[in-house]
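The structure displayed is predicted, hence computed values, not measured ones. Throughout, a chain's letter reflects where its sequence line sits, starting with A, and its residues are numbered from 1.
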2 protein chains.
Amino acid sequence: MSVQERKERERAGRERLILATARELAEQQGWDAVTTRRLAERIEYSQPVLYSHFRGKREIIGAVALEGAAEMAAALRAAARAADGPRARVTALARAYLDFAARNPAVYDAMFQLDGGLAFAKEDTPEPLKDAFAALLESLGEVAGDGVPPGLFTEVFWAALHGLATLTRAGRLPPEDAERRTRLLVDRLAMV
Amino acid sequence: MSVQERKERERAGRERLILATARELAEQQGWDAVTTRRLAERIEYSQPVLYSHFRGKREIIGAVALEGAAEMAAALRAAARAADGPRARVTALARAYLDFAARNPAVYDAMFQLDGGLAFAKEDTPEPLKDAFAALLESLGEVAGDGVPPGLFTEVFWAALHGLATLTRAGRLPPEDAERRTRLLVDRLAMV
DNA sequence: CTCGATTGTCTAGCAGTGCTAGGGTCGAAT
DNA sequence: ATTCGACCCTAGCACTGCTAGACAATCGAG
């Protein structure tokens with residue numbers, strides 16, 4: 001028994017190593033630099049080993065995305081918890097979201113920009129993704145305003161944050177005005 | 001003289017053919033399907049011919065993006081012109097933007113999602129891109145609200161539209177609520 | 001009208017990609 | 001001690017973007 005358990009532990013450890021390495025490489029040089037050969041070399045195994053853990057590169061991206069979703073959900077809840085009052089909570093939430101995207105561009109790409117083979121807005125959406133949306137909903141629901149479904153409001157607010165995050169990082173928006181844009185967004189969208 | 005002019009005309013025509021073919025292929029099967037071989041085969045030339053017109057695939061994407069930007073600017077202006085009053089103009093603008101993104105997903109990707117090697121928010125930003133932003137600014141500037149710079153307001157509104165467009169198309173947002181989300185966005189952001 | 005030169009195009013090939021088939025090796029169970 | 005099976009690696013496939021060099025067609029000069 002114990003030998004089998006040891007093997008499973010080692011396997012799980014190697015899987016974590018793969019994901020951590022892929023993520024590190026992606027953050028350093030972008031996802032284009034994450035090739036199966038390079039990744040295999042860094043973990044000091046041959047390429048086929050990757051395919052005994054994941055169906056392919058897409059699934060590796062998807063796994064990193066799920067990791068990221070869990071982290072983001074935690075970051076959002078922490079920021080919301082540290083703020084007093086609905087309005088301050090929303091501001092903190094928005095800053096935390098944009099901050100996460102800016103600090104973890106590769107992970108953010110894995111979550112929303114690249115094809116990680118993940119389902120969305122469906123029954124079989126992975127739990128971490130639903131939970132990240134839930135983390136937004138918790139703070140945004142209370143400022144949706146009368147007659148506006150919290151879910152709908154959260155979708156719109158989320159879309160705005162996503163747009164700011166991607167356009168800023170792609171160099172489409174000047175970075176220096178980020179804070180003013182955030183304040184404008186919160187001022188207008190959040191009903192006190 | 002005339003022979004040289006004829007050659008230039010033919011060259012320009014072939015360049016248009018390349019772009020139209022690339023765009024068509026991308027809309028039909030996605031940009032991943034636009035390989036230099038397939039593209040060359042469709043225009044009935046060999047691959048190196050592509051490189052006598054463009055530096056590489058990236059530049060082809062960039063050229064399609066510029067085409068798209070010009071079309072989008074025209075569509076936005078047409079929609080704004082057909083509406084009466086600032087508020088109706090903004091609503092029409094938002095619908096036109098999202099409609100363009102939904103109807104021309106590959107072109108929209110070329111403009112904002114893929115790397116077309118284009119500069120943004122800088123001095124050397126290509127004219128069509130600046131003009132598309134200007135088309136937004138024309139209608140959005142009048143509803144920015146007191147004390148809010150029109151440019152900043154336009155950036156935020158644009159980011160929100162971009163977020164809605166990309167998340168909807170990626171299956172992250174349920175398509176059936178698109179109109180309600182648009183109305184909510186306009187209601188909150190536009191100062192009458 | 002002929003003959004170099006220039007222009008244009010194609011064939012063939014390079015290095016790199018994601019992914020997989022097959023053979024060996026090494027450890028575990030009998 | 002021996003068999004067996006899990007594990008991993010080498011080698012290779014079909015594809016990618018891109019380019020060098022050979023070849024043919026066209027042009028301008030004599």
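- The distance between atom NZ of A:Lys57 and atom P of C:dT20, rounded to the nearest whole Å, is 15 Å.
- Distance from the side chain of A:Pro48 is smallest for C:dT20 among the nucleotides C:dC10, C:dT20, D:dC7.
- A side-chain donor-acceptor contact under 3.5 Å links A:Tyr108 and A:His162.
- The shortest distance between the side-chain N/O atoms of A:Thr36 and the OP1/OP2 oxygens of C:dG18 is below 4.0 Å.
- Nucleotide C:dC26 holds its P atom 17 Å from the CD atom of A:Glu10, rounded to whole Å.
- Between the OH atom of A:Tyr51 and the P atom of C:dG22 there is a distance of 18 Å, given to the nearest Å.
- Regarding A:Arg37, its CZ atom lies at a distance of 11 Å from the C1' atom of D:dC13, rounded to whole Å.
- Residues A:Arg55 and A:Ala33 both approach DNA chain C. Their nearest nucleotides, taken by heavy-atom distance, put A:Ala33 toward the 5′ side.
- Using a 4.0 Å heavy-atom distance criterion, A:Arg38 is classed as a sugar-phosphate-only contact.
- Checking the phosphate oxygens (OP1, OP2) of D:dT16, no side-chain nitrogen or oxygen of B:Arg58 falls inside 4.0 Å.
- The heavy-atom pair separating B:Ser139 from B:Leu93 by the smallest distance is CB-CD2, 3.9 Å.
- Between the side chain of A:Gln47 and the base of D:dC9, no donor-acceptor pair of N or O atoms lies under 3.5 Å.
- Atom NE2 in B:His53 sits about 10 Å away from atom C1' in C:dG8, given to the nearest Å.
- Atom C1' of nucleotide C:dG18 and atom CD1 of A:Ile61 are separated by 11 Å, given to the nearest angstrom.
- Proximity of B:Thr35 to the phosphate of D:dT16: a side-chain N or O atom is located under 4.0 Å from OP1 or OP2.
- Rounded to whole Å, atom P of D:dT10 lies 12 Å from atom CD of A:Glu41.
- Here D:dC7 presents its C1' atom at 18 Å from CD of A:Glu44, a figure rounded to the nearest Å.
- In the displayed structure, B:Glu179 atom CD is contacted under 6.0 Å by more than 12 heavy atoms of other residues, nucleotides or ligands.
- A pairwise comparison of heavy atoms in A:Trp31 and A:Lys57 identifies O-NZ, 3.7 Å as the closest pair.
- At least one cation-pi condition fails for B:Arg172 and A:Phe112: the charged atom is not both under 6.0 angstrom from the six-membered ring centre and inside a 45 degree cone around its axis.
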